[in-house]
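One structure is given here, and the rest of the page talks about it.
Convention: sequence-line order gives letters A, B, ...; per-chain numbering from 1.
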Amino acid sequence: MYKLKYSYKFNSIFHFIKTKPTRKIHLNYFPTSHYHHQCVGIKKQLRNFNHSRHFVNTIKCPISLSRYNCYNRLQSTIVHQQLKQLEQLNYGNDDPIPSGEKENKIEEVIHQQLSDHVDDPFQKREKENKIDEVIHQQLSDHVDDPFQKGEKENKIDEVIHQQLLDHVDDPIQKGEKENKIEEAIHQQLLDHVDDPIPKGEKENKIDEAIHQQLLDHVDDPIPKGEEKGGKSLIDVENKTGEEVWIHYKSLSNKFKDKLQIKDFNKVLGVFLRNLPTDPVFHDRMLTILDEVNYRMKPDESTYNTMMSMSLQRKNLEEMKYYFDIMQDQKIKPNTITYNIMITAIVRIGKATQAFALYDDMRKKGIERNQKTFTMLIQACVKTRDVKQAKSLYNDMLKEGIIPDVIIYNTLINVTARNATNLKELEPAFNYVEEMKQKGITPITSTYSILVKSLIEMGKRTEALQIFNQMEKDGCKPDALILEGIGLTGLKSLIKMRDTYNITPSNEDYNTFINQAIRESKFNDAAEILRIMLQNGYQPDVSTYSIIINAHIKNNDISKAMQLYNAMKIDNIKSDSYIFSALIIGYVMKKDIDQAFNLIDEMLNSHVELNNRTINRIIDTASEHQDITIIQKVFDRLLRMTNPDKVAFERVLWRVAQTGQLTMVENYLILMEKYNHKIDFDTFKSIITGSCKGIHLSEGLYWYQKMIDLKLRPNHLLLSTLLRCHAEPKYSNKMFVLWNDFHYFGILPDDEDIMFVLLICREISSWQMENRILRQLKDLGYNTDTYKTALDAIDLQKINEEDNNNNNNNTKKDESIQKIQGLKLNTGAIELWIKQRKKSINAYKKREIEIRNAKENLQKWANKVGIRNEAKLDTSAKKRVNQWLPYSEMVKLRKKKEEEEEAEAAAASATATAQANINLNINTNN
DNA sequence: GTAGGGTTAG
């Protein structure tokens with residue numbers, strides 16, 4: 001099977017298929033989901049071109065985008081590919097058809113094909129939905145009767161609700177200054193946004209003006225002289241993103257032909273800057289990239305801008321896609337390209353990958369600059385490696401790069417974050433001295449970092465010294481450093497305004513409001529908002545977001561929605577955080593319909609329903625006792641998005657808590673249908689879910705299933721299972737699990753060992769206890785420690801029982817105490833759990849012992865385990881037989897890989913010989 | 001004003 005990479009042009013794929021008529025093809029065309037529909041389109045195209053006998057598969061999309069996005073994207077991308085393809089296939093190079101006619105024909109064909117394509121995903125979707133419906137009906141048939149438990153939950157709900165109401169109402173009844181959020185802040189924000197009509201009118205006028213300009217522009221013939229004059233043909237200066245978009249759309253094809261790559265890049269740059277205020281610019285940027293790809297070759301700036309877009313959208317997969325595709329197109333990444341990649345990777349905390357990119361840069365001779373090193377030093381925050389930061393700083397100096405204030409701040413930050421005492425913080429102060437000597441003035445955040453670190457150490461006096469130092473250095477405080485020294489909310493605002501004579505920024509105001517709300521000083525928050533509005537500052541997304549979130553936390557969705565609607569009038573676009581908060585609010589209230597209305601609105605305004613939000617929604621729905629809630633929610637999510645594997649697994653985790661095997665199975669079927677691989681993590685979710693719901697036999701059922709599928713458990717899973725079975729009545733099952741530690745070569749930790757040994761004591765199985773101690777000895781453990789721990793606990797237990805018996809006839813309340821004590825201490829396990837902290841500390845110094853045990857265990861798993869087979873119980877024996885020794889497995893895997901490589905090499909050779917096209921062929925796997 | 005960095009948050 002061939003796997004075609006996404007970077008190949010549609011034509012190349014066609015050629016390839018023509019030359020390899022009998023091959024199965026795995027069409028791995030584009031990794032993002034709007035391209036998923038292109039795959040659908042291409043499949044259809046292939047069928048149109050009589051290649052139906054070729055089996056073309058699409059891959060699953062790693063990114064979930066709404067179908068709305070797909071719909072929009074479909075038009076621009078497919079048109080260009082089809083144009084190219086039609087030009088070559090239908091008309092060749094000699095062009096027998098007069099140009100006007102040709103264009104019309106192409107347009108006709110495209111139009112036809114486009115409408116085919118547009119319909120296709122939806123038709124397919126409909127069919128799928130029907131299947132879903134059936135499955136979901138089946139699933140909901142299996143719902144556990146939730147009402148018994150539900151009643152209890154409702155009561156808890158009631159109590160909480162009452163508490164919240166109390167919390168909100170109390171101040172008013174008492175007439176205290178601290179108020180609920182309601183009237184005060186809320187009303188101000190609402191008042192602020194009255195009168196939407198004048199704004200609308202104003203906008204209409206702007207629209208008209210732009211429209212007129214455009215008409216003028218289009219009518220104007222393009223002056224020929226300007227073409228090569230280097231003067232830009234498209235004017236983006238002093239224009240809003242919206243204006244540029246309208247301008248761009250109005251340009252004729254002929255005019256666009258005259259545009260150079262620089263012009264397109266400029267437009268992309270404008271759109272990028274507009275992305276934070278309106279996510280619709282994401283689609284617009286993709287459209288521009290399509291046009292560039294159609295008309296010419298993008299350059300590194302084009303892709304850098306696209307990657308910067310991905311950086312903003314926090315979409316690393318998308319970014320990697322651009323990074324790969326630009327190299328496929330033989331466009332060389334530059335410093336900026338790498339800086340963007342490194343920034344993104346450091347932000348997700350993968351320091352080693354970031355350093356690998358740095359090495360890559362050095363190998364390729366790509367210059368590093370200040371920004372590169374800032375991010376690399378920043379990566380050391382995550383690895384807690386101050387030395388590495390220092391050495392990177394030295395590397396930087398060696399390369400002749402002059403440090404600036406941000407580099408110093410980062411260095412100081414790395415040092416401060418890892419300092420636990422004044423001595424460790426000293427290098428940070430040295431950096432401050434060094435920068436001052438080099439004539440670089442520290443800024444507020446420089447002091448801020450130090451103050452924060454000192455406060456965390458409990459060094460308040462020193463923190464205040466730094467704050468005073470800042471004032472002496474002529475540096476003005478901001479909301480953050482004031483918070484550092486303990487000033488927040490309204491107090492902080494007044495201090496800033498009256499003592500320091502500083503006009504707070506919009507961010508300062510937002511911080512103050514946030515602080516006040518956090519401290520439940522709602523009247524203060526309202527006052528801050530009043531001052532803010534009075535001073536002519538407009539509330540922005542953050543202001544709204546802070547207050548909406550406060551409402552949601554107070555369980556007041558209607559107030560939150562009022563503000564949401566107010567934002568619309570205020571013409572501020574809600575971001576994914578706001579939507580997410582509101583949707584969660586509705587799910588908490590079990591109002592699924594409203595939640596999904598909001599999701600619809602969210603998608604319509606081009607805010608992506610990201611996996612983070614999807615998973616939050618699922619988690620919130622999970623918390624309801626009523627299992628149908630999460631089923632309903634997930635069902636509807638499936639209809640409109642493409643939830644990731646983790647989302648499925650979260651649902652499985654919750655569903656498994658009901659202990660219903662068929663329900664779990666149905667979700668597994670569903671998961672498979674959505675092309676998600678069912679692997680260890682999937683079973684981990686199911687098994688831990690079963691354990692949480694105390695459905696132990698179901699948990700073991702899935703565990704067995706997992707092993708049947710030749711999936712290997714890890715320590716955490718085995719340990720979890722072992723712990724749930726740590727009761728005398730489950731002792732047999734527990735010993736099977738204990739054996740599995742050895743079969744799978746997983747080293748039990750001290751807690752695991754104690755759990756098993758304690759159960760042996762509880763059921764008085766000396767034989768088993770001895771066996772386990774022998775095994776441990778084989779592994780190189782010092783078994784005396786465990787024996788001592790066991791004996792200590794046993795003694796206590798006996799003592800307590802004795803006491804209890806002796807005191808039986810004394811004072812009544814004392815005996816009640818004893819009975820309660822006994823209840824808590826039934827079983828040695830509980831007793832040990834209470835004390836285990838001590839014992840774990842006692843074992844801490846045994847690192848070498850544990851390392852040796854690991855090695856021994858591996859040997860044991862490979863050889864001894866099988867030799868000792870006779871001693872094992874039957875189900876364990878079966879398991880051992882299923883599992884080859886590790887080294888055998890490695891050998892087999894290597895052999896398989898080699899075979900596949902050989903096959904691929906042969907296939908590749910023939911492919912290149914037959915088709916003289918630039919196609920890379922990868923083996924599957 | 002073609003693209004990239006630190007301190008804070010929902």
Practice prompt. Please state whether the phosphate of dT7(B), meaning OP1 or OP2, lies under 4.0 angstrom from any side-chain nitrogen or oxygen of Gln378(A).
Written response: yes

Discussion item. Please classify the nucleic acid contact of Arg347(A) as base, sugar-phosphate, or nothing, using heavy-atom distances under 4.0 Å.
Written reply: sugar-phosphate

Worksheet item: Which part of the nucleic acid, if any, lies within reach of Ile407(A) when heavy atoms closer than 4.0 Å are counted: base, sugar-phosphate only, or nothing?
Response: base

Practice prompt. With heavy atoms under 4.0 Å as the rule, sort Ser301(A) into base, sugar-phosphate or nothing.
Written response: base

Under 3.5 Å, which donor-acceptor pairs link side chains of residues 470-482 of chain A to any protein atom two or more places apart or in another chain?
residue, atom, partner, partner atom, Å
Asp473(A), OD1, Gln469(A), NE2, 3.1
Asp473(A), OD2, Lys436(A), NZ, 3.2
Asp473(A), OD2, Tyr447(A), OH, 2.4
Asp478(A), OD1, Leu480(A), N, 3.2
Asp478(A), OD1, Ile481(A), N, 3.0

Discussion item. Tell me every residue that passes side chain to side chain contact (heavy atoms under 4.5 Å, CB included) with Arg273(A), counting only those two or more places apart in sequence or in another chain.
Written reply: Val270(A)

Practice prompt. May I ask you to check whether Tyr338(A) and Tyr358(A) place their ring centres under 6.0 Å from each other?
Written response: no

Fill in: Counterpart residues, side chain to side chain contact (heavy atoms under 4.5 Å, CB included), relative to Glu456(A) (two or more places apart)
Lys452(A)

Worksheet entry | Whole-Å gap separating P (dA3(B)) and CG (Asn339(A)) | 14 Å

Worksheet item: In whole Å, what is the span from the CE atom of Met307(A) to the P atom of dT2(B)?
Response: 20 Å

Worksheet item: Do Lys266(A)'s NZ or CZ and the ring of Phe271(A) fall within the cation-pi criteria of under 6.0 Å and 45°?
Response: no

Response to the item:
From CG of Asn413(A) across to P of dT8(B) the rounded distance in Å is 7 Å

Worksheet item: Counting only distance, no hydrogens or angles, is the base of dG10(B) paired donor-acceptor with the side chain of Asn549(A) under 3.5 Å?
Response: no

Worksheet item: Looking at Glu519(A) and Lys491(A), does any basic side-chain N land under 4.0 Å from a carboxylate oxygen?
Response: no

Worksheet item: Which residues pass the side chain to side chain contact (heavy atoms under 4.5 Å, CB included) test with Ile584(A), sequence neighbours left out?
Response: Ser580(A), Met588(A), Arg616(A), Ile617(A), Thr620(A)

Worksheet item: salt bridge (Lys or Arg N to Asp or Glu O under 4.0 Å) with Asp385(A): which residues, sequence neighbours excluded?
Response: none

Discussion item. Determine whether the aromatic ring centres of residues Tyr321(A) and Tyr303(A) are separated by less than 6.0 angstrom.
Written reply: no

Fill in: Side-chain donor/acceptor contact of Asp404(A) with base of dG5(B) under 3.5 Å
yes

Worksheet item: Tell me: CE of Met309(A) to P of dG4(B), nearest whole Å?
Response: 13 Å

Worksheet item: Taking only residues two or more places apart in sequence or in another chain, which ones pass salt bridge (Lys or Arg N to Asp or Glu O under 4.0 Å) with Lys568(A)?
Response: Glu601(A)

Item to complete: Give Leu268(A) one of three labels, base, sugar-phosphate or nothing, depending on what nucleic acid heavy atoms sit under 4.0 Å from its own.
Response: nothing

Worksheet entry | salt bridge (charged side-chain N to carboxylate O under 4.0 Å, His left out) partners of residues 392-401 of chain A, not counting sequence neighbours, each pair once | Arg368(A)-Glu399(A)

Discussion item. If I take atom OH in residue Tyr338(A) and atom P in nucleotide dG5(B), what distance separates them, rounded to the nearest angstrom?
Written reply: 18 Å

Worksheet item: Taking only residues two or more places apart in sequence or in another chain, which ones pass side chain to side chain contact (heavy atoms under 4.5 Å, CB included) with Thr410(A)?
Response: Thr374(A), Ile377(A), Gln378(A), Ile406(A)

Item to complete: Remember a base hit wins even if backbone is also touched, and classify Thr335(A) as base, sugar-phosphate or nothing at under 4.0 Å, heavy atoms.
Response: base

Practice prompt. With P as the reference atom in both, quote the distance from dG1(B) to dG5(B) in angstrom, rounded to an integer.
Written response: 13 Å

Fill in: OP1 or OP2 of dG4(B) under 4.0 Å from side-chain N/O of Ser308(A)
yes

Worksheet item: Which parts of residues 465-488 of chain A get close to DNA chain B, meaning a heavy atom less than 4.0 angstrom away?
Response: Leu480(A)

Discussion item. So if I take every side-chain heavy atom of Met375(A) and compare against dG4(B), dG5(B), dT8(B), which nucleotide ends up nearest?
Written reply: dG5(B)

Worksheet item: What's the CG-P distance between Asp508(A) and dA9(B), to the nearest Å?
Response: 15 Å

May I have the list of side-chain donor-acceptor pairs in residues 343-350 of chain A shorter than 3.5 Å, sequence neighbours left out?
residue, atom, partner, partner atom, Å
Thr343(A), OG1, Asn339(A), O, 2.6

Discussion item. Below 4.0 angstrom, which residues in residues 272-281 of chain A have at least one non-hydrogen atom near DNA chain B?
Written reply: Leu272(A), Arg273(A)

Fill in: Distance test, side-chain N/O of Lys371(A) to OP1/OP2 of dG5(B), below 4.0 Å
no

Worksheet item: Between Lys553(A) (NZ) and dA9(B) (P), how many Å, whole number?
Response: 12 Å

Discussion item. Mind checking if Ser580(A) touches a base, just sugar-phosphate, or nothing, with heavy atoms under 4.0 Å?
Written reply: nothing

Item to complete: Let me know the distance between OH of Tyr509(A) and C1' of dT8(B), rounded to the nearest Å.
Response: 19 Å

Worksheet item: Using a cut-off of 4.0 Å on non-hydrogen atoms, how would the nucleic acid contact of Ile406(A) be classed: base, sugar-phosphate, or nothing?
Response: base

Worksheet item: So which of residues 355-370 of chain A are in contact with DNA chain B, with a heavy-atom cut-off of under 4.0 Å?
Response: Asn369(A), Gln370(A)

